Asker: 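The structure is given below, and queries will be raised subsequently.
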Amino acid sequence: MDRHAELEERTRYEAAEVESRVFAAWRDNNVFTADPSAPGEPYCIALPPPNVTGSLHMGHALNGAVQDLLIRWRRMQGRNVLWQTGTDHAGIATQMVVERELAKEGKTRHDLGREAFVERVWKWKQSTGSTIIEQYKRLGASMDYSRERFTMDDQYALAVQDVFVELHRRGYIYRDNYLVNWSVPLATAISDLEVEHKDVDDVLYEVAYAVEGGGEIIIATVRPVTILADVAIAVHPNDPRYASLVGKQAIVPIVGRRVPIITDERVEIDFGTGALKITPGHDPLDFEIGKDHGLETLSAIGLDGKLGELVPEWAGLSADEGHLRAVERLQEEGALRQEIPYRHSVGFCQRSGARIEPLVSLQWFCRMDELAKPAIDVVKSREVRFHPERMEKIYLDWMEQIRPWCVSRQLWWGHRLPVWFAPDGSFVVQVEQPEGEGWEQSTDVLDTWFSSALWPYATLGWPEATPELAKWYPGNVLVTGRDIINLWVARMIMTGIAFADGLPFTDVYINSTIQAADGRRMSKSLGTGVDPLDLIDQYGADATRYGLIKMCSTQDVRFAEGMIDEGRGLANKLWNASRLVLLNSDPDAAPAPNGLESADRWILDRLAATIESVTTDYEDFQFSAATKTLYSFIWNEFCDWYLEAIKARLYGDDAGSKRAASETALFVIERTLGLLHPICPFVTEELWSFLPNRTGLLALSDFPTTAGIPRDAEAARTVGAIIEAVTGLRRLRQDAELSPRAPLVATISGDATALRAEAALLAALGTVELVDAAATGPAVPLPAGSATLHIQGDGLAGKLRGRLAKRRDEALAEVKKTEGKLANAKFVDRAPPEIVAEERDRAARFARDAAELEAQLAALDAG
RNA sequence: GGGCGGUUAGCUCAGCUGGUUAGAGCACCUGCUUUACACGCAGGGGGUCGCCGGUUCGAAUCCGGCACCGCCCACCA
């Protein structure tokens, strides 16, 4: 079947059929494959690597749609683009997935042992780890699939170890016994950023400690079980209530330990009783105070989450059970004075959901202050820009008070620390195993975010000086979510500056968070998730991309399926508009800005304005605005007005006029396909293949510019007047209950030059014939008060009486409002003269319209 | 506890540095088998722009306060 006949048959855009075929064409033509030796200014975006455990959710789809928009647009602009793709090993998440799998077989990872377990995880990764990357293809993502990387690739792992060793050499990384966030179920430390704070209803227990030499001191705690590990009581130095007790010894209930009463300015006088029990083993503030006062650190609860030997008969109890026992014992001892309901914020493990147990353990830390300094500067100086700008506050607030980062994890899946222990317990930090016998590598692995921090350059081969690194580093844009600004974005900037000698990107676009339609978080477990692949099946990838981009501006949004549907409508509209033009053009007609008639010049003028607007929107990261501009240009200006205006010419016998219409329409379509391609790549690529004189793929064609497109303000005004006239006529027909296509005869009063010159266009769109006769019929006021159409026809006016009166009243209301303004001396004095002139003009215009309508009504009354 | 964002038509959202009759899509009503599209065409109804003050000739837009909603940060036990 030839293409013309094929197009004739395909009366609607069938996304599913087109998408696989078009995607294959892109792949077969290596559209996505980046070549560092190719010409063109480099442009690089690194995909935020999804977890290997992930499957494409709405956030990924939006994130991918935005990146693909940028990548396709820049590619069309002739840049040498690389969209780097790959996945993250996601230490905790992946280990949990495989452990769950093992649990189904009735096993734990300990049954396998570390080596076998890690092997099992690798196997799992090989079989399902690229699922999500495959899903990105459905979306049309033009990432370079041939360069897919994984954060545990050999080369990548080497980069990670190099960075660790170098950070240690520079003195940033150190090992310390410190109070960390401990996740009991995961049996590992986690970083501050992996802790989620939630409000919890607890009880504040006030507990009396006897003081040696008489008296007592009452403290407040929400965790009585930690009393077992108390080593002091602290009060504020200026607190008169306790001045006489300072320096004495208090007796810790339950365990009977003698502890000093000390002073410290960090104690809040106003909170609780003003006396604070010091438990360095279980509280961050206490840990600090204990360190400064040289106090011992005791632990009531161990790394297994169970009670230790401080109370031998309680050893092995869970922390919760310990809590109950402690309360019970305090009551027995008469030490429990009050139980106060207390709502406060408590930390939870982001991954396991368990309440964080602050515990002391030997961990590896990275001092961040010196790394942060230059990274703060580049944001303050706008070398790195956030979009929207306010997001940089999240970054700066955190960076300016940054604390050491606990980078070690007690997991099995991840990058083992390049730390080697000798049998005597001493260690060296280096990549290779040291010479000699008995060296054991650290069993700890690194925080997943440690390796992610190197993503923009480790994926390009760093530390080797690869052509890729030379070409695409520093990179350009990062597109990601707000939740990982500090977790990831900040760390990429810091390590990029410190190691890769440059910024990983200059612009950070923070995409919206999409909530479920009811405003809740979109999540699988809540059942509020919407699967983007289902949307692609139902509406098509273009529609899904369009809808996501449209619904997301600079704030979080509720998912609105209607916007996806709008995208489907637009794709179909464009499809059929193109069919109309392609099926009704001469075989040798080719796209050209043939501005023969006003309508042609008008649509070219509108096209140029649209190109400017969309290009600016893309440049300014205003993607939602671009969808709106494109929609109204395609649907309203091109289809509703231009195509309707030229239909008669396309079907008619005037060869010159027909040719101009075809060429202009083809030209507009050609450029519009280019403009829309970054948002809707499939339908535009498919239509491109039907255009005459096309060369190659749209994805590799030039992005439209306004060069060679004539602007024509005169045509814009003329066609604007025609549109107003036609709209007025349609309204009048409806008001008079005439058939939509009932032919009308009309005369014009006022300045009718433009309308007379375009009588054919007016006739074609408005089914109206202009005649020279006295102006008598119902009035259709035209813009700017320049002219009025009068419709001839017996009995017409009578039917219109109500509507005419209504429109007259509307006009009068405007006159009144505007004249009121003008009567205000202050307004006339103080408002800018051009505003005042505008108002005067307005008043005159509406007064004229009202008068015309009034005259009609008067004539009716007279007749 | 600190900070940020939101509150505009029944629903989901646009409205930039204050100035035409506050817009769009969907939904709703009316009329159209017009040879690109019924995933269509035309017309219409619907909003005192969360509340209270202030600045200004003029406020959806700027400022202050309040009320809800959402998010981020945070070592007051």
Side-chain angles (χ1 to χ4, degrees), chain A residues 7 11-13 179 192-193 197 204 219-223 226 234 266-268 270-273 275-279 283-289 342 344-345 347 358 388 390-391 393-394 397-398 401 482-483 485-486 513 515 517 519 521 539 543 550-551 553-563 565-566 568-584 622 624-625 628 631-632 639-640 643-644 647 651 727 730-735 737 739-741 767 810-811 813-814 817-818 821 824-832 834-836 838-839 841-842 845-846:
Chain A
L7 199 55
T11 61
R12 52 173 66 176
Y13 174 64
L179 191 82
D192 296 339
L193 286 175
H197 296 267
L204 191 60
I219 58 86
T221 181
V222 290
R223 300 204 62 195
T226 64
R266 285 164 285 192
V267 178
E268 298 282 332
D270 299 333
F271 188 86
T273 62
L276 174 65
K277 77 187 196 66
I278 302 300
T279 320
D283 182 275
L285 175 62
D286 294 9
F287 187 81
E288 292 294 330
I289 292 177
Y342 182 56
H344 67 142
S345 173
R390 69 181 129 84
M391 293 301 171
K393 193 170 162 27
I394 294 176
D397 283 354
W398 185 71
Q401 42 154 36
R482 196 185 33 206
D483 49 334
I485 288 177
N486 297 328
T513 304
Q515 300 163 339
R521 184 187 287 264
Y539 296 96
K550 162 145 188 180
M551 73 180 90
S553 52
T554 61
Q555 57 167 341
D556 294 350
V557 287
R558 294 181 177 201
F559 179 71
E561 195 159 339
M563 293 193 186
D565 196 37
E566 183 180 313
R568 178 176 62 165
L570 184 64
N572 188 59
K573 191 71 175 174
L574 185 63
W575 177 259
N576 277 294
S578 303
R579 280 180 68 236
L580 168 67
V581 175
L582 290 164
L583 293 174
N584 292 287
Q622 305 282 325
S624 180
K628 289 174 184 105
Y631 183 94
S632 69
C639 293
D640 288 348
L643 291 185
E644 292 306 324
K647 262 183 188 169
Y651 295 138
T727 306
R730 285 172 181 165
R731 216 190 224 187
L732 181 144
R733 281 196 179 87
Q734 193 96 6
D735 291 349
E737 293 175 1
S739 139
R741 291 193 305 157
T767 327
E810 282 169 0
E814 284 307 309
K817 187 175 150 190
T818 310
K821 247 190 201 176
N824 182 348
K826 284 183 177 169
F827 170 71
V828 180
D829 285 352
R830 301 191 195 177
E834 62 272 21
I835 296 292
V836 177
E838 237 172 69
E839 290 297 320
D841 189 52
R842 247 171 75 76
R845 223 164 62 221
F846 281 106

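Every chain is numbered from 1 and lettered A, B, ... according to where its sequence line falls, protein lines coming before strand lines. Note: hydrogens, waters and symmetry copies are ignored here, and every other heavy atom, side chains too, is used. Predicted model only: the values in this text are computed from it and were never measured.
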Asker: Return yes if a side-chain donor-acceptor contact under 3.5 Å exists between A/Ser624 and A/Lys628, otherwise no.
Answerer: yes
Asker: Grab the CD1-C1' distance between A/Ile835 and B/rG58 for me, whole Å please.
Answerer: 10 Å
Asker: Check the phosphate of B/rC71 against A/Arg482, side-chain N and O only, distance under 4.0 Å to OP1 or OP2. Yes or no?
Answerer: no
Asker: Ignoring hydrogens and angles, does a donor from either the side chain of A/Ser632 or the base of B/rA24 sit under 3.5 Å from an acceptor on the other?
Answerer: no
Asker: Measuring only the C1' atom in each nucleotide, how far is B/rG53 from B/rC71? A whole number of Å is fine.
Answerer: 29 Å
Asker: Under 3.5 Å, is there an N or O donor on one side and an acceptor on the other linking the side chain of A/Lys573 and the base of B/rC37?
Answerer: yes
Asker: Using atom P in both nucleotides, what's the gap between B/rC62 and B/rG15 to the nearest angstrom?
Answerer: 12 Å
Asker: Using a distance-only criterion (donor-acceptor N/O pair, under 3.5 Å, no hydrogens), is the base of B/rU30 paired with the side chain of A/Gln734?
Answerer: yes
Asker: Output the rounded distance in Å from CD (A/Gln622) to P (B/rC13).
Answerer: 18 Å
Asker: How does RNA chain B look in dot-bracket form if you count Watson-Crick and G-U pairs under 3.5 Å, write [ ] for pairs that cross, and put | where a base pairs with another strand?
Answerer: (((((((..((((.....[...)))).(((((.......))))).....(((((..]....))))))))))))....
Asker: Say we look at B/rG64 and B/rC11: how far apart would their C1' atoms be, to the nearest angstrom?
Answerer: 33 Å
Asker: Can you tell me how far C1' in B/rG46 sits from the matching atom in B/rC41, rounded to whole Å?
Answerer: 22 Å
Asker: For A/Ser345 and for A/Ala577, find the nucleotide of RNA chain B with the closest heavy atom, then tell me which residue's nucleotide is more 5'.
Answerer: A/Ala577
